[in-house]
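Single-structure report; data block below.
Reckoned from all heavy atoms, side chains included, excluding hydrogens, waters and symmetry mates.
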Amino acid sequence: MSNITTAFIGGSIFSSAFGAPTRAAVALRDGRIAAIGTDDQIRELVDSATEIIDISGRLLSPSFQDSHAHPLLAGVNMLLCDVHGCESADDTIERVRAYADANPDATWINGGGWHMGDFPNGTPTRQMLDSVVPDRPAYLSNRDGHGAWVNTKALQLAGITSETPDPVDGRIERESDGYPAGTLHEGAMALVDHLVPASTPEKDYAGLMAAQAHMFSLGITAWQDAAVGAVFGNDDILPTYIRAARSGDLKARVVGSLWWDRNRSADQIPDLLDRRAEGVVGRFRGTTIKIMQDGVAENYTAAMTEPYLDGCGCATENSGLSFVDPIALREYVTSLDAAGFQVHFHSLGDRAVREALDAIEAAISENGPTNNRHHLAHLQVVHPDDIARFARLGATANAQPLWACHEVQMDELTIPFLGEPRSSWQYPFADLLRAGAHLAAGSDWPVSSANPLEGMHVAVNRIAPGATGDYTEPLYPHNRLTLAEAYSAYTAGTARIMHHDDVTGHLVEGAYADLVVLDRNPFDGDAQSIAETSVEQTYVEGELVFQRT
């Protein structure tokens, strides 16, 4: 008996070690890759019990891994008032109306996913929400999680008036008389979200299972959940992951980024050590710390080295927010690094990127080099002076490529308020890679689509899938990646920051059989059609976890 359980023949395979797809066949045994060779060589290893899969010119590769996502949040949101994917303000409002009508007993209308680009100045109003939900409070987070849309009833319940001051870490959008207009940015969300009914353990579990099924359908078998904790008034999701991992229902490999409470100091580190000790179960490891250093550019809370511009192109007095004092950040990261934690930074503006790199540099100076593999997510604006520091400090660039294109939010809410040359510093993936930085890739789902092939499409083209009209021009095309580079970021690159690159992310003998079969070989077609590729099968340790029907 050969004990070869599955053999893939007749197609091509990709692994970052190859640099480009190559014609080969693969055999599996005991959940691992047993052999790679020609079709004839692999056929010699099989017996009557082996499942032989002829992939007929399609592509077999390591399964995808997402370096920064919020799947449990996304899954729960699927069960609430989910307005992701709406194409306009009217579409969004009608979906809210339909949900409210279908759920007359809901005390709050809660959910999210609205797109800033669908509303004037990126800020929907309370009156818009009142028109469809006049009788109950409503609270809908936007798709990036950095703002919330509320109706008048919610504002009244929270006691927010024209006299309510902006919190230090956020802003209340206001009408001409100072009354709240209906959009709450960053820390201002907390003025209302503590009133929103909490989820339940069963709903969280169902959300996680729904999210895992969705990820498997996209070929993703591992991810880093970028906010594991009581974040912005939400329940702590660590118990849900532990429960799923212990039961075996969590088949994906997940690293949990334990949330750093920016309202506390280093006194929280003992608590985080306890959470890490509790949170290593099955295929889940709560071994990373997530520090949100700044906000987002569209609401002018991303931390910039120079002020934002106003609508006339003149400098304002606002350079964004550093949520953690940058000097204290160095102390915190040094202590976390010494304790063996990986640090996962949200660093979107160039000042936040610099502050995160400064903190890593301080940790290295104090502790010496470690293998913690700290990484900076989003990297919308990176100052040219800081590009080379990534490689020098061993900091991984954690990219969300799907955003690196012209679309309404970029062209109307971002570029005019950044100005040049700063706008041209956005999403410098190729600059970072050429300077020697490690590159990982993810989605930030549900902020945007979790589909890695759509992300690769933008990384290669710097144009959104299906773009038309003014949006067909590449966004700063000097920072395009090759498809092999982008594909590697979604496989080996993310496996590296997950600390299981020794057994996943590559097609090599002995690695886990975490695999994806695509419906074609995207390397063979036009770059403009990468996003048209779809997933046929997904495997975790040789177990089929998704089959397209």
Side-chain angles (χ1 to χ4, degrees), residues 82-95 113-125 128 142-144 146-147 149 183 218 296-300 302 308-313 348 378-381 399-430 441 443-483 486 520 522 525-534:
D82 185 4
V83 294
H84 287 89
C86 291
E87 297 182 353
S88 67
D90 288 344
D91 187 18
T92 305
I93 292 167
E94 285 307 308
R95 189 164 316 170
W114 54 273
H115 182 202
M116 293 179 70
D118 289 339
F119 297 90
N121 302 313
T123 55
T125 67
M128 292 176 178
N142 72 8
R143 71 176 189 176
D144 64 21
H146 291 266
W149 179 19
T183 301
L218 299 173
V296 294
E298 294 83 9
N299 66 11
Y300 322 122
Y308 289 94
L309 306 181
D310 62 18
C312 298
L348 195 141
H378 307 324
L379 304 173
Q380 180 165 353
V381 180
Q400 284 64 61
L402 194 58
W403 305 340
C405 59
H406 287 290
E407 43 87 33
V408 173
Q409 194 159 307
M410 172 62 71
D411 290 3
E412 296 184 11
L413 301 180
T414 305
I415 288 176
F417 304 98
L418 292 179
E420 296 295 351
R422 183 166 53 181
S423 285
S424 68
W425 303 345
Q426 293 186 89
Y427 305 117
F429 309 143
S443 65
D444 209 9
W445 184 52
V447 174
S448 52
S449 166
N451 190 337
L453 289 155
E454 293 179 359
M456 291 180 213
H457 181 104
V458 178
V460 172
N461 293 291
R462 305 285 285 203
I463 301 170
T468 59
D470 294 339
Y471 303 129
T472 58
E473 287 295 316
L475 179 75
Y476 308 114
H478 62 282
N479 266 304
R480 286 171 166 150
L481 297 177
T482 68
L483 180 53
R520 62 194 182 90
D526 186 275
Q528 296 292 335
S529 63
I530 293 170
E532 297 173 12
T533 308
S534 62

(message) In terms of relative ring orientation, are Y476 and H406 parallel, tilted or perpendicular, with 30° and 60° separating the classes?
(response) tilted
(message) With a 6.0 Å cut-off (strictly less than), is the heavy-atom count around CG of D470, excluding the residue itself, greater than 12?
(response) no
(message) Whether the side chain of S448 engages the backbone of W445 through a donor-acceptor N/O pair (distance < 3.5 Å, no angle test) should be reported.
(response) no
(request) Inspect the surroundings of CG in D310 and state if more than 12 heavy atoms from other residues, nucleotides or ligands are less than 6.0 Å away. (result) yes
(request) Could you tell me whether the side chain of Q426 reaches within less than 4.5 Å of the side chain of T414, counting heavy atoms only? (result) yes
(message) Rounded to the nearest 0.5 Å, what separates atom CG in L453 from atom CG in L483?
(response) 8.5 Å
(message) Under a 3.5 Å distance rule, please check whether R462 uses its side chain to pair with a backbone N or O of H478 as donor and acceptor.
(response) no
(message) Counting only heavy atoms from other residues, nucleotides and ligands, does the tally under 6.0 Å from CD of E473 exceed 12?
(response) no
(message) Between T183 and F119, does the side-chain contact (heavy atoms from CB on, under 4.5 Å) criterion hold? Intermediate values first, please.
(response) CA-CA 11 Å; T183 301; F119 297 90; over 6 Å; no
(message) Quick check against the 3.5 Å criterion: does T472 have a side-chain atom that pairs as donor or acceptor with the backbone of T468?
(response) no
(request) May I ask you to decide if the ring planes of Y427 and F429 are parallel, tilted or perpendicular, using 30° and 60° as cut-offs? (result) tilted
(request) State, to 0.1 Å, how close L379 and P428 come at their nearest heavy-atom pair, and which atoms those are. (result) O-CD, 3.7 Å
(request) Quick one: do Y471 and V408 satisfy side-chain contact (heavy atoms from CB on, under 4.5 Å)? Show the steps, please. (result) CA-CA 9 Å; Y471 303 129; V408 173; 3.2 Å; yes
(request) Determine whether I415 and L475 make a side-chain contact, defined as any pair of heavy atoms from C-beta on separated by less than 4.5 Å. (result) yes
(request) Answer yes or no: are there more than 12 heavy-atom neighbours, outside E87 itself, under 6.0 Å from its atom CD? (result) no
